[in-house]
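Quick notes on the structure that follows.
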Amino acid sequence: MTDRISVRTLFFGVYGELAARREGSAELAADSTVADLVDSLRGPGGLDWLPESVVVAVNQSYAEAGTTLSDGDEVALIPPVAGG
Amino acid sequence: MTDRISVRTLFFGVYGELAARREGSAELAADSTVADLVDSLRGPGGLDWLPESVVVAVNQSYAEAGTTLSDGDEVALIPPVAGG
Amino acid sequence: MSQRPDDRVRTWITRETLDDFARFEDIVGEVGSVEDGALLFFQGRVRRTNRGRQVSRLTYEAYGEMAEGELSAICHEALEQFDVGSIAAAHRVGDLALGEVSVAIAVTSAHRDDGYRASRWIIETIKVRLPIWKHEHYEDGESHWVGAPTPEAGASTGGSRFG
Amino acid sequence: MSQRPDDRVRTWITRETLDDFARFEDIVGEVGSVEDGALLFFQGRVRRTNRGRQVSRLTYEAYGEMAEGELSAICHEALEQFDVGSIAAAHRVGDLALGEVSVAIAVTSAHRDDGYRASRWIIETIKVRLPIWKHEHYEDGESHWVGAPTPEAGASTGGSRFG
C-alpha cells in the first residue's frame, strides 16, 4: 500500500482570516507535491478561494508547485506580501 | 570721460593658492563685463593660468561671461567645486 | 583587513521600536569602515493616507522564522550584487501607530552610487519577498489586509480574483 | 494643514560636527509630517582611500555666504521638482578627520521613489554647484585641491589645462 505523509499547514494574513484558522495539518499520499496539497485544500467544502497560483513556502523557503513534500514538512500558504 | 568702477575680487581653493592671495580689487572701465575682468586679471604679469572658461560668481550668484559689472560688485573666481 | 560577509550584515525582525536613528548609527559604527564614504539610511513609516483612505494604525503579521531568514538572505544577496561595505536592516511586526518606523535599512559603501542602488534594491526586494503582511485599520473603523481582495469582492467572486 | 515651502527646508553650512544622526532625526521630526511614509538620509564621509591615495585628513573651504544661498536654493528647487515633504541638508567646512561626515541630507516624502530621486538629485547638484573646495592631505605628507591640476602639471602647462 502507498505510505501516507502528514504535513503541517500555516495560513498567514488574509488566508488565515478566510480559512478561519492559522494552522492545521493535512494527510497526503507519499510523493505528493505542493500542487497536490493545494488541490486537496481547495477541494469540496474546502478553501475554494485559494488561487491556483498560490505562493507556498516549504520549511520556510519559497517552493515550486512541483516540489515533493515529505512527512513532517511545514507548508505555509503565503498571500501577497506587504512588508516595507 | 569714461567713468571707472572698482570691484572686489575673491580667489577660492586652488586659485587662492596659485594667486597667492584670497582677495583683491580691480579697477575697470564702466560697463565692463565678467569677461573683461578675467582678461585683465590674466594680462601680462598676471594670473596667466586662469582658464578662459573660468567660472565666476557676481555678488554670490553664478554669472555669465557677458554679465555687466557695477561699482562695488563682489566677484569670485570659482575653481572646480568639490563639495559632498 | 577583510571581513567575513556575516560580519558586514545585521538583520532582525522585531516588535520593538525602530524609530531611533541612533541605534542604526551605532550598528553602522560597528560594521562599517573608514573605506566607506557613503551611508544611505532608509526608513519606511506608517503614513496617514494610503490609497485615499485615512489610516489610524497598522498591524504587521510575519512568518517569523522565514522572515528572519529571507531578510538576511536579501541583504547577503545585496552584498554580492553591489559594491557595498555593510548593511543593517530591520522590520517591525505587531501594532504600529501613525508615524512609526516599519522598516529601516542602512547601507555603507565606498561610493554613493552603489549605496543608493543597493538601498533601493533591498527595499524593493523586501516588498516582493519578505513574508510579512500589513493589516490596515482606518479612521472609519474598517480594516483591510493590504494586497488582498476587499471583503466584498471576496464574498462575490471565486479564486480567480487572486490571479 | 499646508506649510509654506520655507517651513519644509532647513539648510546650513557649519564647522560643527554632522556625525550625529539624532540631530537630523529631531529636524525631520520638526519639519516632516505623518503624510510622509519614507525618509531617506544620506551621509558623505571622509574616506581613507581616494583615487588610490591614502587620505589622512581633509580641509573644506567654502565661499560661505554663497554656499548658504546655493544649498538653500538647491533644496528649494528639489521641493519644486520632486513630490517630497521636507528636506534638511548641511555641509561641513574646516578640518575633517577620517570617517567624519562632510555632508548630510534628509528627505521625507509620501512615497519612497520621490525620496530616493530627490536625495540623489540633491547630492549630485551639490557636487556641481555648491561653492566648496576640498583640500586633501595624504599619508605621504602631500596635499592637493580636488578637481585642480596637480602642482607639477600646474608648473608646466598653461591655462588650457583647465579646459
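A quick note: this is a predicted structure, and the numbers were derived from the prediction, not measured. Just the heavy atoms: all of them, side chains too, but no hydrogens, waters or symmetry mates, feed the values below. All chains are named by letter (A, B, ...) in the order of the sequence lines, taking the proteins before the strands, and each is independently numbered beginning at 1.
Distance alone, capped at 3.5 Å, is enough to place a donor-acceptor pair between the C:Ser56 side chain and the C:His137 backbone. Remark: side-chain polar atoms of C:Thr125 are paired, donor with acceptor, to backbone N or O of C:Trp121 under 3.5 angstrom. Panel note: side chain A:Asp39, backbone A:Asp36; no donor-acceptor pair is recorded below 3.5 Å. Between the side chain of C:Thr108 and the backbone N or O of C:Gly32, no donor-acceptor pair lies under 3.5 Å.
With a 4.5 angstrom heavy-atom cutoff, A:Leu47 does not touch chain C via any of its atoms. Contacts of C:Ile123 with chain A are made by side-chain atoms alone, with heavy-atom separations under 4.5 Å and no backbone atom involved. When heavy atoms are compared at a cutoff of 4.5 Å, C:Tyr63 approaches chain A by way of both its backbone and its side chain. Residue C:Ala62 touches chain A through its backbone alone, counting heavy-atom pairs closer than 4.5 Å. Proximity to chain A involves both the backbone and the side chain of C:Glu65, based on heavy atoms less than 4.5 angstrom apart. For chain A, the nearby part of C:Glu70 is the side chain; its heavy atoms alone come within less than 4.5 Å.
Residue C:Val84 is tested with C:Ser119, C:Cys75, C:Ser109 for a side chain to side chain contact (heavy atoms under 4.5 Å, CB included); the sole match is C:Ser109.
No other option in C:Val103, C:Ile132, C:Val128 has as many heavy-atom pairs under 4.5 Å with chain A as C:Ile132.
Looking at C:Asp95 and C:Thr59, their side chains do bring a donor and an acceptor atom within 3.5 Å of each other.
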